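Keep in mind that what you see is a predicted model, and the values were worked out from it rather than measured. The sequence lines fix the lettering, A, B, ..., with proteins before strands; numbering per chain opens at 1.
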Number of protein chains: 2
Amino acid sequence: MPPPAPVSPLESHLGYRLRIVSNAVSRSFARTVEEEGVTVAEWVFMRVLHDFESLAPTPLAERMGMTKGAITKLASRLVEKKLVKREANPDDKRAQTLSLTSRGRSLVPQLAKIADGNEAAFFGPLTARDRGNLNRILGRIVELRGLKDVPTD
Amino acid sequence: MPPPAPVSPLESHLGYRLRIVSNAVSRSFARTVEEEGVTVAEWVFMRVLHDFESLAPTPLAERMGMTKGAITKLASRLVEKKLVKREANPDDKRAQTLSLTSRGRSLVPQLAKIADGNEAAFFGPLTARDRGNLNRILGRIVELRGLKDVPTD
DNA sequence: TATTGTTATACTCTATAACTATA
DNA sequence: TATAGTTATAGAGTATAACAATA
C-alpha cells in the first residue's frame, strides 16, 4: 500500500485566509453601498471616473482590470441610473466618452464615506503598526507579482 | 459654494488592496485547478469532505459559509463528475449524506499540491517574518470580526 | 409545526467571441 | 486591415424563497 499523500490543511494557506478576510470586507461593503443603490463594481467605476473629466471605455477597462464588454454592461446600468453619461466623440465617431452626471458626482462623497466606515470597522481595531505592516506586505506582493493597483499613473 | 467633500483615494484603503491581492491569488489558483476540471468552490467542498467520512448538506453549508441551495448545486455538479456521492440516511429519510468517491478521494492530494504551489508562488518570495506577520494580522481580523475559518471545531 | 434538502428565480461578475461602424 | 465599442452567450457564485417529504 502506498503511503497516504500529504494534504495540507486549508487554513494553513495564507491565500485561503486572505480570501476569507477579503470576502468578509467586500461583502460587508457591498451590503452597505447596496442601500445607496449601487454595487461594488459600480462604485469603483464611479470612483475612477471621479478623478477624470471623462474617460473612454477601453482605458477604463484597463484601469479596472475588466474587459470592454464588462465595462459596457456596467456603464449601461449606470447610465440607466442617471449616474453616468455617455457622449460621442466628434473627432472619432467610433469613440465614446464616459463621465459622471452631476448626480453621480454628488453621490461619490457619500459612497466614499461608506468606504471609509467599512475600512475603519475592519482595520481600525488593529494597531497602527499592524496596519502599516499589512499595507506594506500587500504592497510588496502587488509589486512582486506586477499586479495593477488601479490608478496606474 | 460649499467646500468640496473629501474623497479618499481608492488605493488608500487596506480593504481595496486586500481585494486586489486576494483576487489575484484566487484567479491564479482557479486557472490551474481548472485544468483538473474543478472550480475553487468545488475544491474547498472536496477538501472539507476529505476530513470526514461523510457530511450532510446543512453542516457543510455552515462550514463553507454558503446556503443550502448553493451546496445542492455544487454537490450535483460534483456528483455528475463522479467525484462525490450522495447517499440516503436510513435513520432520517429526509437526510442525505455527502462523501467523496474513490476517484474524488484520490484527486484531493493532486489539488492540494496545486494549492501548495500557488501559495508558494505568491507568498514564498516574502520573508518568513512578513509571512508570519501577515498570517497573524489576518488571524487577528478573523478573531475580532468573528469570521468562520472553515473548520470550526 | 419545524426541519431537511431540492428546486426555481434572479442578479452580478467574468470571459470569449461575433458583430457594427468607423478609421 | 485594425480599432472602438456593443451585443450575445454562457458559466460560476450568491441570495431568497417556495416547495415536498419527513419528523
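Heavy atoms of A:T72 sit under 4.0 angstrom from at least one base atom. Looking at heavy-atom distances under 4.0 Å, B:T58 makes contact with sugar-phosphate atoms alone, never a base. Residue contacts for B:T39: at a heavy-atom cut-off of 4.0 Å it reaches the sugar-phosphate backbone alone, with no base atom in range. Looking at heavy-atom distances under 4.0 Å, A:N89 makes no contact with the nucleic acid at all.
Using a distance-only test at 3.5 Å, with no hydrogens or angles considered, a donor-acceptor pair links the side chain of B:R131 to the main chain of B:L126.
Dashed line: the shortest gap from a side-chain N or O of B:R86 to OP1 or OP2 of C:dG5 is not under 4.0 Å. OP1 and OP2 of D:dG13 both lie 4.0 Å or more from every side-chain N or O belonging to A:R19. Residue A:R77 places no side-chain N or O under 4.0 Å from the OP1 or OP2 atom of C:dC11.
For B:K68 against C:dT7, a side-chain-to-base donor-acceptor contact under 3.5 Å is absent.
A salt bridge links A:R140 with A:E143: the distance from a Lys NZ or Arg NE/NH1/NH2 to an Asp or Glu carboxylate oxygen falls below 4.0 Å.
Atom CG in B:N23 sits about 11 Å away from atom C1' in C:dT14, given to the nearest Å. Across the protein-nucleic acid pair, A:R94 atom CZ and C:dC19 atom C1' stand 15 Å apart, rounded to whole Å. What separates CG of A:L78 from P of D:dT6 is a distance of 13 Å, to the nearest Å. One interatomic measurement links the two molecules: CD of B:E80 to P of D:dA12, which rounds to 11 Å at whole-angstrom precision. Rounded to an integer number of Å, the gap from NZ of B:K81 to P of D:dG11 is 12 Å. When the P atom of D:dT6 is taken as reference, atom CD1 of A:I71 falls 10 Å away, rounded to whole Å. Note: CG (B:L74) to P (C:dT7) measures 14 Å, nearest angstrom. In this structure, B:K73 atom NZ and D:dA15 atom C1' are separated by 10 Å, rounded to whole Å.
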(Q) Determine whether B:F45 and B:L83 satisfy the following criterion, side chain to side chain contact (heavy atoms under 4.5 Å, CB included), listing intermediate values before the conclusion. (A) CA-CA 11 Å; B:F45 188 109; B:L83 295 171; over 6 Å; no
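Nearer to the 5' terminus of DNA chain D, by closest-nucleotide assignment, is the contact made by A:P59 (compared with the other of B:M66 and A:P59). Mapped onto DNA chain C by nearest heavy atom, B:G69 and A:K93 fall at different nucleotides, with B:G69 at the one closer to the 5' end. Both A:A75 and B:D92 lie close to DNA chain D; mapped to their nearest nucleotides by heavy-atom distance, the more 5′-ward contact belongs to A:A75.
For the pair A:I20 and A:E11, the minimum side-chain heavy-atom distance is 4.5 Å or more.
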